[in-house]
Amino acid sequence: MGSLSVAYPIDLHTHSLRSDGALSPGDLVRRAAARAVRVLSLADHDTLAGVAEAVAAGEVLGVRVIPASELNTESEWGDAHVLGYFIDPTDVVLEERLRWLRENRGRRIELMIAKLSQLGYPVSLQRVLEIAQGGALGRPHLAEALLEKGYVRSYDEAFDKILAKDSPAYVARVGLTPLEAVELVRTHAGVPSLAHPGTVVGLEALLPKMVAAGLAGIEAYYGEHSPEMTERCLALARTHHLVPTGGSDFHGRGEHGIDLGAVFVPPETIEMLDSRRTQA
Ligand code: AMP
Ligand code: FE
Ligand code: FE
Ligand code: ZN
């Protein structure tokens, strides 16, 4: 048996107000520090806008902040989300692509607001923008607006009843395919990992294609994974030579009960992720 490092809380998948999370990047890092998290990745959807604030807070509190972004994709493969680790907030070419993705998010939310109105759930774009506080727009902001209006009794009900993929207010995303997302991260010297693999439709068929495109990790440790699903991901990681990554997917919107640092991630993960940077 090899020597194992002593475990400490690690969280490689979190969101802030810069996308659809509820806390500022600084408050997110402060909450993480209070929960003894030592390595935290801020992975806001389609933006790196919160990274500088998170890194600054982390330096004060002794939390290593790994910059990242979660790229949601649109394809026949279900919800295939790519976490791009170590991408650079000052990379202007990357920022141009992320800005395009955020603009598409905005247009999609406007289309969904129009559909909500037709369905008898009117919410104003202005209110949704206020809720988002300048963050990359997403359905969680619509969920908050619907809850506030009393159309639903909970955030989860907003998704289940109104916003989910098979519900009438849904509008498809215009954006990247899973392979394009992996390539974008690789092109910009990042390390791509497949987020919450359980939401992919056809995981075993998609994974080799993503690996060929440069995928380096798979999110094996995730709050909603059963022990069997974690094992399945670890087996896939061995087969495809992927780093098993993990995190809470904390948004702070009461979306699920998993708090920052609450998902076990072995410390070896950090060394393995770091080592993949140079192999890019
Ligand atoms: P969007 O990027 O606009 O398609 O919204 C996707 C985001 O909505 C995810 O990143 C989650 O934060 C959230 N989400 C998706 N499905 C659900 C659900 N069933 N319950 C709660 N939050 C969800
Ligand atoms: Fe989200
Ligand atoms: Fe996701
Ligand atoms: Zn996420």
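Just the heavy atoms: all of them, side chains too, but no hydrogens, waters or symmetry mates, feed the values below. Atoms within a ligand are numbered from 1 in the order they appear, just like the ligands themselves.
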Determine whether any heavy atom of [X] lies closer than 4.0 Å to an atom of ligand 1.
{"X": "Arg108", "result": "yes"}
{"X": "Arg253", "result": "no"}
{"X": "Arg173", "result": "yes"}

Rounded to the nearest 0.5 Å, what separates atom OG in Ser41 from atom CD1 in Ile270?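 If I round to the nearest 0.5 Å, the distance is 8.5 Å.
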Considering only heavy atoms, which of Phe159, Tyr170, Tyr155 lies nearest to atom 14 (N) of ligand 1?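 Of the listed residues, Phe159 has the closest heavy atom.
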Any idea which atoms of ligand 1 are less than 4.0 Å away from a heavy-atom of [X]?
{"X": "Asp20", "value": "7 (C), 10 (O), 12 (O)"}
{"X": "His45", "value": "10 (O)"}
{"X": "Asn72", "value": "2 (O)"}

Using distance alone, with no hydrogens and no angle criterion, decide if Glu70 and His13 have a side-chain donor and acceptor under 3.5 Å apart.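 Yes - a donor-acceptor pair under 3.5 Å links their side chains.
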Can you name the N/O/S atom of His251 that is nearest the Fe ion (ligand 2)?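 Looking at His251, the N, O or S atom with the least distance to the Fe ion (ligand 2) is NE2.
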Output the atom name for the N/O/S atom of Asp20 with the smallest distance to the Fe ion (ligand 2).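 Output for this pair reads OD2.
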Glu70 and ligand 1 - part of the residue with a heavy-atom distance under 4.0 Å: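 It is neither part, as no heavy atom is under 4.0 Å.
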Taking the side chain from Glu157 and the backbone from Val152, do they hold a donor-acceptor pair closer than 3.5 Å?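 Not a single qualifying donor-acceptor pair exists.
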